[in-house]
Amino acid sequence: GLLTRLQTSAPIIRTLSSSNSFSQNIASCLWKLGRLNHVAIAVPDLEKAQSLYKDVLGAQVSETVALPEHGVYTVFVELGNTKLELLHPLGEKSPIASFLQKNKTGGMHHICIEVDDIKAAMTELKKKKIRILSEEPKIGAHGKPVIFLHPKDCHGVLVELEQA
């Protein structure tokens, strides 16, 4: 019964896992992806969101920090292996304000992945026709250079890359 099915499927798993074309693509890069730094969530009420994570769920929550260059207020929620970033609009031209106009209750805004060489990543991604939303990296919430990749080039997800 079950053992026969497992033995039958094992060679298929070995065949898939031994495929080296995927690892060859990774090895050719001059840069590499690191860990998931955070998932950003746009929130219409920052104090209420802070309270949910701190008072209801018991998480360690940072103070609110204004990032005028990005048009946002940020709050980080510490998790064991990553963070959540709560985003709230700072000013009328904030990209979060327009996001919240379309998504009244808020929602996931972007994911942030660390890279070991942001300049090399930019160069290679441009060659691969991935649009970057700024000409140069900006300093992000962690004081490190960041860039954003166009969501239409990333299967509908706004991706932030941060220098590790």
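Throughout, numbering of the chain's residues begins at 1 and tracks the sequence.
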From Ile118, Thr123, Val115, residue fulfilling side-chain contact (heavy atoms from CB on, under 4.5 Å) relative to Trp31: Val115

Testing the basics here: between [X] and [Y], what is the closest heavy-atom pair and its distance to 0.1 Å?
X      : Y      : value
Ile147 : Pro137 : CG2-CA, 3.7 Å
Gln50  : Ser62  : NE2-O, 3.5 Å
His150 : Lys152 : ND1-N, 3.0 Å
Ala97  : Gly91  : CB-O, 4.4 Å
Ser134 : Met122 : O-CE, 4.3 Å
Pro95  : Gly71  : CD-O, 4.4 Å

For residues [X] and [Y], determine if any side-chain heavy atom of one lies less than 4.5 Å from a side-chain heavy atom of the other.
X      : Y      : value
Cys154 : Val159 : yes
Pro89  : Leu100 : yes
Leu161 : Leu33  : yes
Gln60  : Lys54  : no
Leu84  : Leu79  : yes
Asp153 : Leu125 : no
Cys112 : Leu36  : no
Thr64  : Leu46  : yes

Does Lys32 come within less than 4.0 Å of Asp116, counting only side-chain N to carboxylate O? no

One thing to verify: whether Lys119 and Glu136 come together as a salt bridge, which I'm taking to mean a side-chain N less than 4.0 angstrom from a carboxylate O. yes

If you round to the nearest 0.5 Å, how far is [atom2] of [Y] from [atom1] of [X]?
X      : Y      : atom1 : atom2 : result
Leu67  : Lys138 : CG    : NZ    : 11.5 Å
Ile41  : Leu87  : CD1   : CG    : 8.5 Å
Ile96  : Leu90  : CD1   : CG    : 11.0 Å
Leu86  : His109 : CG    : NE2   : 13.0 Å
Glu162 : Lys144 : CD    : NZ    : 5.5 Å

By the salt bridge (charged side-chain N to carboxylate O under 4.0 Å, His left out) test, which pairs, at least two apart or in different chains, include something from residues 76-90? none

Going only through I, L, V, M, F, W and Y residues with side-chain contacts under 4.5 Å, is there a path from [X] to [Y]?
X      : Y      : result
Ile130 : Ile113 : yes
Val75  : Met108 : yes
Val72  : Val146 : no
Ile111 : Ile132 : yes
Leu149 : Phe99  : no

Qualifying side-chain hydrogen bond (donor to acceptor under 3.5 Å, both in side chains) pairs, either residue in residues 95-108, two or more places apart: none

What pairs of residues pass the ring pair (Phe, Tyr, Trp, His ring centres under 6.0 Å) test when at least one of them lies in residues 62-96, not counting sequence neighbours? His38-Phe76, Phe76-His142

Considering residues, nucleotides and ligands other than Lys126, do more than 12 of their heavy atoms fall under 6.0 Å from its NZ? yes

Could you check whether atom CD of Glu69 has more than 12 heavy atoms from other residues, nucleotides or ligands sitting under 6.0 Å from it? yes

